[in-house]
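Computed from a predicted structure; not experimentally measured.
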Amino acid sequence: MPSNTDTIVAIATPPGRSGIGVIRISGEKSAKIYKLLTGKEPENRYARYTPFKSSSNKLLDKGITLFFKGPLSYTGEDVVECYTHGNRMIMEMLLEEIIFLGARLALPGEFTERSFLNNKIDLVQAEAVADLIDSNSKKAALSAMQSLEGIFSENILQLKEKTIDAKALIEACLDFPDEEDVNFDISPAQKNIKECLGLLDKILIKAKRGRAFDYTPLIVIAGPTNAGKSTLINFLTGSDAAITSELPGTTRDTIREKVLLADQLVTLVDTAGLRQTNDQLEKEGVDRAYKAIKHADLVLYLTDATLKTENVEGEIRNHLPEGTDCIFVENKIDLCNKKIEKKNIENKSCSVSAKTGEGIEELINKIQRILDISTKDEDVIFARQRHIDALKNIGNLLKKSLLSLEKQKGLEIVAESLRESLLIFDEILGKTTTDDILEKIFSRFCIGK
Ligand SMILES: Nc1nc2c(ncn2[C@@H]2O[C@H](COP(=O)(O)OP(=O)(O)O)[C@@H](O)[C@H]2O)c(=O)[nH]1
Ligand SMILES: [Mg+2]
């Protein structure tokens with residue numbers, strides 16, 4: 001296990017050519033290395049144009065050097081940053097020189113880990129650093145920034161404070177176990193726990209929304225042969241990714257296409273028509289279609305409006321995993337003289353023509369609503385699954401406490417549940433997180449951060 005007291009160094013900019021390259025050093029030898037490398041005295045927060053020289057006095061490069069005296073630095077320790085020409089060879093030579101002067105190569109995320117260990121940021125903020133760097137959409141980056149600014153942590157701390165209050169109310173009753181004739185009023189505690197649950201719900205909604213920014217939902221188009229599934233995926237992706245044909249059973253492979261629907265990247269999957277068949281190839285296609293349905297976030301179940309189809313819902317329900325949403329889409333309305341009535345947005349069925357595009361906008365609105373693709377980016381938190389799972393566990397413990405209170409099951413049990421939930425808050429923020437969880441979190445960072 002490398003020591004936390006070593007002075008560490010890393011190239012912080014990505015490999016390849018660039019205008020500027022940054023090398024970052026952190027630890028107690030930083031100032032000494034600054035002096036030996038540049039021949040100048042480090043001055044706190046002063047950007048100086050300096051030479052970078054090797055121990056044998058060879059000029060390796062010239063650039064800007066910055067010194068941050070700890071604890072007012074990224075890691076909380078003395079930090080030096082060298083801005084060099086963005087050439088990998090030059091940077092490698094400088095790196096070797098700095099290692100020769102007493103630093104060791106930093107592990108992935110080690111600078112941020114030190115910032116966390118020195119209490120500059122909590123674990124949620126440390127994770128937000130990595131999420132910000134890794135984010136794949138502008139919305140994801142902006143919401144990771146909110147978490148880095150501490151908004152998510154503040155929300156969690158607020159909920160924790162409220163839970164502490166509830167525990168104190170319960171414990172106050174527990175302090176007088178022998179006074180049997182004292183009738184304790186549990187309603188303040190009850191009210192408090194209910195408020196905790198309300199707050200928790202709000203945080204969870206914001207967290208799930210934020211998570212959706214960096215998640216690509218899987219939408220599977222399924223239904224009988226010839227309903228127009230391949231035509232629909234082609235229409236939605238604006239391509240001819242899938243072969244369409246009046247011959248039933250054309251599609252065998254599942255075709256996946258990424259597309260922006262209402263500002264959200266989704267993966268659309270076209271599948272083989274669901275029917276009984278003796279054709280081995282088609283059978284394999286149908287199996288794959290059912291597999292795709294199993295993993296879907298949303299299924300669009302397509303039927304042909306010109307045909308009479310019975311018990312559409314029952315047909316697919318047996319194959320839909322619990323909780324998977326489904327929109328029933330009646331296609332080819334251009335062939336019927338039917339006027340499409342505008343259905344309530346809550347209604348999970350609609351009529352379209354994959355050929356003319358009629359009704360598609362309403363379909364997209366329904367998809368957007370079901371996946372809760374928020375077009376507003378305020379009030380979201382970039383959360384990880386770890387946070388969402390922990391918050392759900394807290395929710396379960398709070399509900400358990402409330403139930404115990406209502407059933408007058410004994411205040412000791414209620415207090416115990418509340419105590420347990422407080423431990424989870426500390427895990428989220430990294431106060432009691434185990435070493436292997438920390439290692440898992442920081443090893444996913446890039447080097448130099
Ligand atoms: N008129 C009309 N024809 C359609 C529509 N959607 C699909 N078709 C036709 O129906 C046939 C089957 O379509 P296809 O997309 O291959 O169906 P799949 O088997 O469900 O993939 C093709 O001849 C399509 O051109 C539609 O909305 N209107
Ligand atoms: Mg097809």
| query | Which is it for Lys202 and Asn155 under the side-chain hydrogen bond (donor to acceptor under 3.5 Å, both in side chains) test, yes or no, and what are the steps along the way? | reply | CA-CA 10 Å; Lys202 279 193 191 138; Asn155 277 245; over 6 Å; no
| message | Could you go through Glu110 and Lys449, starting from their C-alpha distance and side-chain angles, then the distance that decides it, and tell me whether this counts as salt bridge (Lys or Arg N to Asp or Glu O under 4.0 Å)? | response | CA-CA 7 Å; Glu110 201 170 2; Lys449 194 66 219 182; over 6 Å; no
| task | Check the pair Leu94, Leu37 against side-chain contact (heavy atoms from CB on, under 4.5 Å), reporting the backbone distance first and the verdict last. | result | CA-CA 9 Å; Leu94 274 168; Leu37 193 67; 4.1 Å; yes
| field | side-chain contact (heavy atoms from CB on, under 4.5 Å) between Leu402 and Leu197, worked out | value | CA-CA 10 Å; Leu402 204 57; Leu197 277 166; 4.0 Å; yes
| Candidate pair Tyr301 and Ile327, rule side-chain contact (heavy atoms from CB on, under 4.5 Å), full reasoning | CA-CA 6 Å; Tyr301 190 81; Ile327 302 179; over 6 Å; no
| query | Where do Tyr74 and Thr112 land on the side-chain hydrogen bond (donor to acceptor under 3.5 Å, both in side chains) test, with the steps shown first? | reply | CA-CA 8 Å; Tyr74 182 67; Thr112 310; 2.8 Å; yes
| field | Intermediate values then yes/no, side-chain contact (heavy atoms from CB on, under 4.5 Å), Asp78 and Phe68 | value | CA-CA 6 Å; Asp78 286 356; Phe68 299 90; over 6 Å; no
| request: Evaluate salt bridge (Lys or Arg N to Asp or Glu O under 4.0 Å) for Glu427 paired with Arg386, printing each intermediate quantity in order. | output: CA-CA 10 Å; Glu427 261 173 43; Arg386 179 182 90 83; over 6 Å; no
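The line from CD1 of Ile360 to CG of Leu261 is 10.0 Å long, rounded to the nearest 0.5 Å. To the nearest 0.5 angstrom, Glu416 atom CD is 8.5 Å from Lys400 atom NZ. Distance CD1/Ile8 to CD1/Ile99: 11.5 Å, rounded to 0.5 Å. Rounded to the nearest 0.5 angstrom, Thr254 OG1 and Asp287 CG are separated by 11.5 Å. The CZ atom of Phe52 lies 10.5 Å from the OH atom of Tyr83; values are rounded to the nearest 0.5 Å. For the atom pair CD (Glu257) and OG1 (Thr267), the distance works out to 9.5 Å, reported to the nearest 0.5 Å.
Put simply, the side chain of Lys62 does not reach to within 4.5 Å of the side chain of His85, judged on heavy atoms. Considering only heavy atoms from C-beta on, Ile428 stays 4.5 Å or farther from Leu123 through its side chain. By the 4.5 Å heavy-atom criterion applied to side chains, Gln146 and Ile381 are not counted as neighbours. Inter-residue side-chain proximity for Val299 and Asp325 is flagged as unmet; no heavy-atom pair is nearer than 4.5 Å. Inter-residue side-chain proximity for Ile98 and Ile25 is flagged as met; some heavy-atom pair is nearer than 4.5 Å. The shortest side-chain heavy-atom distance between Glu97 and Met93 does not fall under the 4.5 Å cut-off. Looking at heavy atoms from C-beta onward, Thr237 lies in side-chain contact with Leu268 at the 4.5 angstrom threshold. Looking at heavy atoms from C-beta onward, Asn4 lies in side-chain contact with Leu117 at the 4.5 angstrom threshold.
Of the possible donor and acceptor atoms, none in the side chain of Thr324 sits under 3.5 Å from a partner among the backbone N and O of Leu320. Judged purely by atom type and a 3.5 angstrom limit, Ser417 has no side-chain atom pairing as donor or acceptor with the backbone of Ser401. At distances below 3.5 Å, not a single donor-acceptor pair connects side-chain atoms of Lys229 with backbone N or O atoms of Leu300. Remark: the backbone N or O of Pro188 is not paired with any side-chain donor or acceptor of Asn192 at under 3.5 angstrom. Not a single donor-acceptor pair under 3.5 Å links the side chain of Ser115 to the backbone N or O of Phe111. Panel note: side chain Lys120, backbone Pro71; a donor-acceptor pair is recorded below 3.5 Å. Remark: the backbone N or O of Ala144 is not paired with any side-chain donor or acceptor of Asp131 at under 3.5 angstrom.
Using a 4.0 Å cut-off between a side-chain N of Lys or Arg and a carboxylate O of Asp or Glu, Arg419 and Glu171 qualify as a salt bridge. Salt bridge status for Asp6 with Arg104: present, with a side-chain N to carboxylate O gap under 4.0 Å. A salt bridge links Glu282 to Arg275: one of the charged nitrogens lies within less than 4.0 Å of a carboxylate oxygen.
Across all their heavy atoms, Ala103 and Ile33 have their closest contact at CB-CD1, 4.0 Å. Scanning all heavy atoms of the two residues, the minimum distance from Ala207 to Ala383 falls at CB-CB, 3.5 Å. Minimum heavy-atom separation, Arg384 to Ala130: NH2-CB, 3.7 Å. For the pair Asp122 and Ser153, the tightest heavy-atom approach, listed with the atom from each and the gap, is OD2-OG, 2.8 Å. Here the closest heavy-atom approach between residue Gly430 and residue Phe116 is recorded as O-CZ, 3.3 Å. In terms of heavy atoms, Gln125 sits closest to Leu148 at NE2-O, 3.1 Å.
Each of Leu59, Thr65, Asp61, Leu60 was checked for a side chain to side chain contact (heavy atoms under 4.5 Å, CB included) with Pro51, and the lone residue meeting it is Leu59.
The number of heavy-atom neighbours closer than 6.0 Å to CD1 of Ile243, taken from other residues, nucleotides and ligands shown, is 12 or below. Residue Glu361 places its CD atom among 12 or fewer non-hydrogen atoms of other residues, nucleotides or ligands, all under 6.0 Å distant. When the shell of 6.0 Å around CD1 of Ile20 is examined, it contains 12 or fewer heavy atoms from other residues, nucleotides or ligands.
In terms of the side chain to side chain contact (heavy atoms under 4.5 Å, CB included) criterion, residue partners of Tyr290 (sequence neighbours excluded) are, by chain and number, Leu274, Val286, Ile293, His319. Legend: residues meeting ring-ring contact (aromatic ring centres under 6.0 Å, His included) with Phe445, ordered by chain and number and at least two apart, are Phe442. Partners of Thr13 by side chain to side chain contact (heavy atoms under 4.5 Å, CB included), not counting sequence neighbours, listed by chain and number: Ile11, Val22, Met91.
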Which pairs of donor and acceptor atoms, one on a side chain in residues 156-165, lie under 3.5 Å apart (sequence neighbours left out)?
{"unit_1": "Lys160", "atom_1": "NZ", "unit_2": "Asp426", "atom_2": "OD1", "d": "2.9"}
{"unit_1": "Lys162", "atom_1": "NZ", "unit_2": "Glu195", "atom_2": "OE1", "d": "2.8"}
{"unit_1": "Thr163", "atom_1": "OG1", "unit_2": "Leu159", "atom_2": "O", "d": "2.7"}

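The side chain to side chain donor-acceptor pair (under 3.5 Å) pairs that include a residue from residues 17-32 are Arg24-Glu81, Ser26-Thr75, Ser26-Glu77, where partners are two or more places apart or lie in different chains. Note on residues 41-53: pairs passing salt bridge (charged side-chain N to carboxylate O under 4.0 Å, His left out), not counting sequence neighbours, are Lys35-Glu41, Glu43-Arg48.
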